[in-house]
Amino acid sequence: MRNPRVLALVGVLVGVALVAPVVMVVPRAMAPTSTASVGYAEYTVLLTATGDAGVRAAADAAVQAAGGQVLRENAAVGALVVQAPATGFAEAVTADDAVFGAVRARVVGAAPPAHTAQAASPPAAASAVTPAAPQGPAGLDPLDSQQWGLAMIKADAARAVQAGDRRVQVGILDSGIDATHPDLAANVDTRLSRNFVTDIPRDEAGAEMDGPCEFADCIDPADHDDAGHGTHVAGIVAAAADRSGISGVAPGITLVSIRGGQDSGLMFLQPVIDALTYGADIGLDVINMSFFVDPWLYNCLDNPADPPEARIAQRTTVEAVSRALEYAHAKGVTLVGSLGNGHVDLGSPGSDPTSPNSPAGSAYARKIDNGTCLLLPAEGPHVIGVSAVGPSGTKADYSNYGLEQVSVAAPGGWFQDGFGTPSFGRPENLVLSTYPRSLLGASGAVDAKGAVTARGTANGVQSFCGPRGCGYYVPLQGTSMAAPYVAGVAALVVSEFGTPDPQHPGNLTMPPDEVERVLVDTAASRSCPAPMVSYTREGRTPDFDAPCAGDAEFNGHYGAGIVDALAAVSAGAP
């Protein structure tokens, strides 16, 4: 899982102290002014019920009485986007019986002009995707020999049975997808893709967040990725099998970018729920979620260490995300989430010294319990939780785990795998995937002519030039990389066993519970290596030691086992 403060390359994963040799950060100019002194902010206000006109009217009145103004609504989950005073509003509006809670999203700097609130525009109708010309089984691409993860989950062999059907759509809820990348361009439906994020140059403390806005109104195009994380994830799922660069787990399916992440890699509540409900409404089959919902690593229902507004915000986040996940599941979406990179047993998380991570400098230490604190979306309803393994099949040292939270495991990369062998501490142990050239150029990994520099080579950056142009690839590690392997296999399952979708003509569909059952039932069982797995020989401190409870059938490190694409598509109809 990555909540990447991601403008970085090798091994820079979300929320984890990593093991990579060099971190290369893309430089950004500083925005000119601070917003610390402004008096208004944007909020998500969650109603106590959805689809109830009386509740909505009462909530509108409560918002107005507290000094706010409704800007738009996500009716699917009963969430209002409101502009209101930056202090005191959340507690005031939550006092009304029609309001479940409020979460402050971002400072906006001025009182909104008076106008009549409008409901959000309905999602665009699903665009038809031209099916690829019939071909034989998709083969492997030139750099796939370095894709140890494809072989581990037998995705290479699975192509003889099913390489993915264009009628199956996988949503990448992330920082965006660079749809100009030659390995992704043919598979990304830019007409369906949407960006739900407005760039935030600086946070309210005055610290740089996204940097200067590159596009009008601070809204990036839907086919743009200024962080790189989403493009990397997308390539794992479905880079094209076109005899160029690399190929993904399900190279024949369609990718849709439903961007909910800032350029900084932060993933805030409103864009996340907007992306989830939009993806459900357009008929996506699978949504990959390699992130946690910022600014709280764990959202707690009533933590005594949190001040009142923070408690309201976290309770509201849990309810809003849960509603969005329930909505997507009911609409036929298989939900896949990364478990995180904190090397934590999520059944006994202990403490969280990192939240809130925005605005800068606001974090404080607090105790966390499993019963009332959730890592979202991974611990939300209907989410297939994924832990990460290295090339040896051992749980990666950074990967979170837990009997209640993990469903299956998948390749996530582990730089320090292979202790005692020449492969130890090598970029080849990470996961190679697609990456935007623009970010590599800004970091000095690629020069102005497109050649990989010595700095890029030292970090494992590669390029491959083919008929569609030159593509660039970087190795990363994290549960962020493991989840898209599972999302790709889920797409293969829908491709093989799905049926025409009557709600979305031209698409296939399959009940998500059936997809999950195939994934779990066909995963390659893996026993606990020991009751307590130590990573001290790899140079880790004892706090990385990970107890492994359970047996070969199911345990806290691997769940039901490592996902198996060939077994999944060969399983027979559910």
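Computed from heavy atoms alone, side chains included, the values below leave out hydrogens, waters and symmetry copies.
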Non-hydrogen side-chain atoms of Gln405 and Glu379 separated by less than 4.5 Å:
yes
Kindly say whether Val452 contributes a backbone atom to a donor-acceptor pair with the side chain of Gln462 at under 3.5 angstrom?
no
Distance-minimising heavy-atom pair for Ser338 and Phe291:
OG-N, 3.6 Å
Val489 and Val563: side chain to side chain contact (heavy atoms under 4.5 Å, CB included), yes or no, with the steps?
CA-CA 8 Å; Val489 178; Val563 69; 4.0 Å; yes
Quick one: does any side-chain atom of Asn195 pair with a main-chain N or O of Val197 as donor and acceptor, under 3.5 Å?
yes
Does the pair Asn357 and Thr354 meet the rule for a side-chain hydrogen bond (donor to acceptor under 3.5 Å, both in side chains), with working shown?
CA-CA 6 Å; Asn357 60 13; Thr354 66; over 6 Å; no
Give the minimum heavy-atom separation between Gly228 and Ser175, together with the two atoms involved.
N-OG, 4.0 Å
The complete set of disulfide (SG to SG under 2.5 Å) pairs with one or both residues in residues 421-488, sequence neighbours excluded, reads Cys465-Cys470
Inter-residue atom distance Ser480.OG - Met289.CE, 0.5 Å rounding
12.0 Å
If you compare all heavy atoms of Val431 against all heavy atoms of Pro411, which two are closest, and at what distance to 0.1 Å?
CG2-O, 4.3 Å
Please tell me if the side chains of Thr317 and Phe268 come closer than 4.5 Å, counting only heavy atoms from C-beta onward.
no
Separation between CG (Asp165) and OG (Ser495), nearest 0.5 Å, reads 5.0 Å
Nearest 0.5 Å, please: how far is CG in Asp223 from CZ in Arg194?
12.0 Å
Using the rule given for side-chain hydrogen bond (donor to acceptor under 3.5 Å, both in side chains), can you reason through Glu42 versus Gln83, listing the C-alpha separation, both sets of side-chain angles and the distance that settles it, and then say yes or no?
CA-CA 5 Å; Glu42 196 170 275; Gln83 202 159 321; over 6 Å; no
I need the full list of ring-ring contact (aromatic ring centres under 6.0 Å, His included) pairs touching residues 194-222, with sequence neighbours left out, sorted by first then second residue.
Phe196-Tyr278, Phe215-His224
Pair Thr231-Asp225, side-chain donor/acceptor within less than 3.5 Å:
yes
When you measure from the side chain of Gln146 to the backbone N and O of Leu432, does any donor-acceptor pair fall under 3.5 Å?
no
Is it the case that atom CG in Asp217 sees more than 12 heavy atoms from other parts of the structure closer than 6.0 Å?
no
Taking Ser193 for the side chain and Ala222 for the main chain, is one N or O donor matched with an acceptor at less than 3.5 Å?
no
Across all chains, not counting sequence neighbours, the side-chain hydrogen bond (donor to acceptor under 3.5 Å, both in side chains) partners of Thr44 are Gln270
For Asp263, does its backbone N or O pair with a side-chain atom of Asp226 as donor and acceptor, under 3.5 Å?
no
Within the distance-only criterion (no hydrogens, no angle test), does the side chain of Ser247 pair as donor or acceptor with the backbone N or O of Ala241 below 3.5 angstrom?
no
Which of these passes side-chain contact (heavy atoms from CB on, under 4.5 Å) with Leu255: Asn288, Val237, Asp189?
Val237
Starting from the C-alpha separation in whole Å, work towards a yes-or-no answer on side-chain hydrogen bond (donor to acceptor under 3.5 Å, both in side chains) for Asn341 and Ser399.
CA-CA 5 Å; Asn341 301 330; Ser399 178; 5.9 Å; no
Kindly say whether the aromatic ring centers of Tyr472 and Tyr435 come within a distance under 6.0 Å.
no
Which residues pass the ring-ring contact (aromatic ring centres under 6.0 Å, His included) test with Tyr473, not counting sequence neighbours?
His181
Residues pairing under disulfide (SG to SG under 2.5 Å) where one sits in residues 218-292, two or more places apart or in two chains, turn out to be Cys213-Cys218
Within the side chain of Asn400, is there an N or O that forms a donor-acceptor pair under 3.5 Å with the backbone of Leu339?
yes
Residues Asp210, Ser264; criterion side-chain hydrogen bond (donor to acceptor under 3.5 Å, both in side chains); working and verdict
CA-CA 5 Å; Asp210 295 331; Ser264 62; 3.3 Å; yes
Any residue meeting salt bridge (charged side-chain N to carboxylate O under 4.0 Å, His left out) with Asp199, in chain and number order, not counting sequence neighbours:
Arg259
Contacts of Tyr364 that satisfy ring-ring contact (aromatic ring centres under 6.0 Å, His included) - sequence neighbours left out
none
I want to check something: taking the side chain as every heavy atom from C-beta on, are Pro475 and Pro427 in contact at a cut-off of under 4.5 Å?
yes
Determine, using ring centers only, whether His343 and Phe544 are less than 6.0 Å apart.
yes
Run the salt bridge (charged side-chain N to carboxylate O under 4.0 Å, His left out) test against Asp242 and tell me which residues pass, sequence neighbours left out.
Arg468
Side chains of Phe464 and Leu143: closer than 4.5 Å at any heavy-atom pair?
yes
Smallest separation among heavy atoms of Ile562 and Val389, with atom names:
CD1-CG2, 4.3 Å
With a 3.5 Å distance limit and no angle check, can you tell me whether Asp174 reaches the backbone of Gly230 through a side-chain donor-acceptor pair?
yes
Thr453 to Val446 - nearest heavy-atom pair and separation
CG2-C, 3.9 Å
According to salt bridge (charged side-chain N to carboxylate O under 4.0 Å, His left out), who are the partners of Asp178, at least two apart in sequence or on a separate chain?
none
Could you check whether any side-chain heavy atom of Asp274 comes within less than 4.5 Å of a side-chain heavy atom of Arg72, counting everything from C-beta outward?
yes
Quick one: ring-ring contact (aromatic ring centres under 6.0 Å, His included) partners of Tyr43, sequence neighbours excluded?
Phe89
Is there a side-chain contact between Leu192 and Gln169 (heavy atoms, below 4.5 Å)?
yes
Does the Arg202 side chain pair with the main chain of Gly206, one donor and one acceptor, at a distance under 3.5 Å?
yes
Should Glu428 and Arg426 count as an ion pair when the cut-off is N to O under 4.0 Å?
yes
Shortest non-hydrogen contact between Leu325 and Pro377, atoms and distance:
CD1-O, 4.1 Å
May I ask you to decide if Pro251's main-chain N or O and Asn187's side chain share a donor-acceptor pair within less than 3.5 Å?
yes
Identify, with sequence neighbours excluded, every residue that meets side-chain hydrogen bond (donor to acceptor under 3.5 Å, both in side chains) alongside Asp141.
none
Please lay out, stage by stage, how Asn459 and Val474 fare under the test side chain to side chain contact (heavy atoms under 4.5 Å, CB included).
CA-CA 8 Å; Asn459 282 266; Val474 304; over 6 Å; no
Any side-chain heavy-atom pair of Asn299 and Val321 under 4.5 Å:
no
Mind checking whether Asp156 and Asp144 have side chains closer than 4.5 Å, heavy atoms only?
no
With Tyr535, which residues qualify under ring-ring contact (aromatic ring centres under 6.0 Å, His included), at least two apart?
Trp414
